[in-house]
Amino acid sequence: MVSQEIEIAGLNKSFGQGAAAFQALRDIDLTIASGEFFTLLGPSGCGKTTLLRIIAGFEQPSAGTLRINGRDVTGLGPNKRPVNTVFQSYALFPHMSLADNIGFGLKMQGKPRAEIRATVAEMLQLVRMEAMADRRPSEISGGQQQRVALARALAPRPRVLLLDEPLSALDLKLRKEMQSELKRLQSETGITFVFVTHDQEEALTMSDRIAVMSAGHILQLGAPQEIYNTPVNRFVADFIGDTNFLKLRVKAVEGGAAVLELPGGKTAQASLPEGMAPTTGALVTAVIRPEQAEAAAPGTGDLQATVESATFFGTDTHLHLTLADAQGFVLRRQNRPGQPAPAPQSRLGLALAPGALRVLKD
Amino acid sequence: MRGHGWKWLLCTPALIVLLLAASGPLLIVAVYSFLSPGNMGGVVWEFSTEGWFRVFFRRDIFEPDLVEWNAAHLQVFWRSIWLSLQTTFICAVLGFPTAWFIATRPPHTRTIWLFLITIPFWTNLLIRTFAIQEMIRNNGTINTVLMQLGLIDSPIQMMFTEFAVLLGMAYVFLPLMVLPLYAAMEKMDFRLVEAGYDLYASRLNVLWHVILPQVKPGFIAGSILVFIPAIGAYVTPRLLGGGRTMMLGNLIALQFGQGRNWPLGAALAMLMLVVVVGALILYLRVVGGNDEARRG
Ligand SMILES: Nc1ncnc2c1ncn2[C@@H]1O[C@H](COP(=O)(O)OP(=O)(O)O)[C@@H](O)[C@H]1O
Ligand SMILES: [Mg+2]
């Protein structure tokens, strides 16, 4: 059995009192396994930082329990928890050298000097900053500060590392570099990572599991594939990746699937979410990812569409289409040499991948 | 460049005032310290190092060649430095929690607290000092209350002691410590405090290793702002310390007044200047240069 590193049950957090109270977290239930790369994903203001700060011990929950490694840590200060944070702003101590920054946690734990020196050297090597041990934080670049902040948080060998949007201040290239660096560090150290981001792509590429949050709730919890392929509601489908939302009429319901009437008269099978049984003739929302349809010759395929515009993205091109009933549809087509983008107002057919169409709860 | 030259004009009025009000008199004092005293005060234009000599030494009245250390002067120097250091220390110890309190209030209420801190500046120093006198006199407020409560039988002698001078100076100079400390704390990154706690530091360790290094510039500025006026304090030691706890400022005033020895007073004033500038340089070297020294 995988041991549970963090167990959160019935956790609520309100700021302020009385009428001015604001509930930042609502009924959070969550377990994070030991050694997992766990991501909290959601738009700004949804409560990610608040949850992280509660795990770190900077905030106390209004209700609910929090256990770390089986121990109830409610009421324990941040300095008494086997948890370290990589702050979004890095929060390196400006008056200390990088080596002193990295050694700070160990020094506060009362570790012997020789051990501190050895661990600091090891950490500097781990984040590839050996040559800069004696510099000040102000004398290195943002990306380097990020690495030192990581090393500082890893040095005391915490059970859990909390990372609050650690890469959001970096430019794209550096961010990609740090993403793989983080994955490497996590597998090398085996420490449980709780990673916060509002970047869905970052979440999908890095995580073992993702919790999608909105307005203080966890909407969906699962592996990246699961969240991408079977979003539980419109919010998740919209937030993770690009999605086409189609309003379609139900023609028949057979078991766990519905037969939907497509614009242009053809029909298609769509899976139904658990517990949803629409009546025949009802309008439902169906979703399909832009890459899960293929262009076909006009008159063939499941749908007929008119090209409005094309946007070039390097690896692929997004075709903005209009369907027969004027609903919009985005098609993602991989670019191949010698394949021109279709001209505006040209017509094409669309073939939907089998099983790609899904009915969503609104 | 013409544009540049023109901007210089903007600060000429201030420069002229500084020149007339500070440099001019300073020059006069420096010159006077090398002249001879007039009988009724003032100076006689006759070169003499007697003023400087008498800063540290005294001559026997009947046998001028018999020279000894001027113990009374040395005692005043020592008392001035020691009381000023203590005042600075007390202001730092009291000022830190005060500034911390203000800096951790919600932003819109900080202005109110700062405003309250500056209220004492609104009242004349003399009046404030008389108010302290009223509190600590033998039949003043504190002694009366303590006697009424039966805690003491006879009044505690507080007036005309070094304690009274310290109390008065700490009270007068405290805002000068609080304001720069507050300015440093306001600029402080409070996330560093969280980072400290996160890395297993206790409260005391966070204070020592994270907060103090960051508010050090405030401490340096505050210490300078308190120490310098403290060492030249005149009103407070005069009213609360009396004749027995004289400080440098009082000694200088005495030479220009009853003492009728202007060159000695001028030499004492110059000495004070030298001491203050020297102390300042030393202090900045030791405290301010720490960072560089540590890096080797
Ligand atoms: N100390 C606080 N006092 C009042 N409201 C707060 C406090 N901290 C966060 N909030 C509110 O809680 C909500 C969630 O904030 P946060 O956890 O920082 O979101 P996220 O990190 O997902 O962007 C926000 O609406 C924010 O305004
Ligand atoms: Mg946040």
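Order of the sequence lines fixes the chain letters, A, B, ..., with proteins taken first and strands second; residue numbering starts at 1 for each chain. Values in this document were obtained by computation on a predicted structure and should not be read as measured data.
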Just wondering, are more than 12 heavy atoms of other shown residues or ligands nearer than 6.0 Å to CZ in A:Arg184?
yes
If you count the non-hydrogen atoms of other residues, nucleotides and ligands that lie under 6.0 Å from CD in A:Gln17, is the total more than 12?
no
A:Ala91 versus B:Ala195, closest heavy-atom pair with distance:
O-CB, 3.9 Å
Would a distance-only check, ignoring hydrogens and angles, find a side-chain to backbone donor-acceptor pair under 3.5 Å from A:Asn84 to B:Leu199?
no
Please classify the contact between A:Leu162 and chain B as side chain, backbone, both or neither, with a heavy-atom cut-off of under 4.5 Å.
neither
Does atom CZ (B:Phe89) have a neighbourhood of more than 12 heavy atoms from anything else shown, all under 6.0 Å?
no
When rounded to the nearest 0.5 angstrom, what is the spacing between CG in A:Asp100 and NE2 in B:His209?
10.5 Å
Max heavy-atom pair count under 4.5 Å with chain A, selected residue of B:Asp189, B:Asp198, B:Val206:
B:Asp198
Among all residues two or more places apart in sequence or in another chain, which pass the salt bridge (Lys or Arg N to Asp or Glu O under 4.0 Å) test with A:Glu7?
none
All ring-ring contact (aromatic ring centres under 6.0 Å, His included) counterparts of A:Phe93, not counting sequence neighbours:
A:Phe104
State, yes or no, whether a side-chain contact exists between B:Glu194 and A:Arg53 at a heavy-atom distance under 4.5 Å.
yes
Verify the neighbour count for atom CH2 of B:Trp113: are there more than 12 heavy atoms of other residues, nucleotides or ligands below 6.0 Å?
no
Taking heavy atoms only and a threshold strictly under 4.5 Å, list by residue number the residues of residues 106-127 of chain A that touch chain B; give 'none' if the list is empty.
A:Lys107, A:Met108, A:Gln109
With sequence neighbours left out, write down each residue that passes ring-ring contact (aromatic ring centres under 6.0 Å, His included) with A:Phe195, or none if nothing qualifies.
A:Phe37
Can you confirm whether B:Arg105 is buried at CZ, in the sense that more than 12 heavy atoms of other residues, nucleotides or ligands lie under 6.0 Å from that atom?
yes
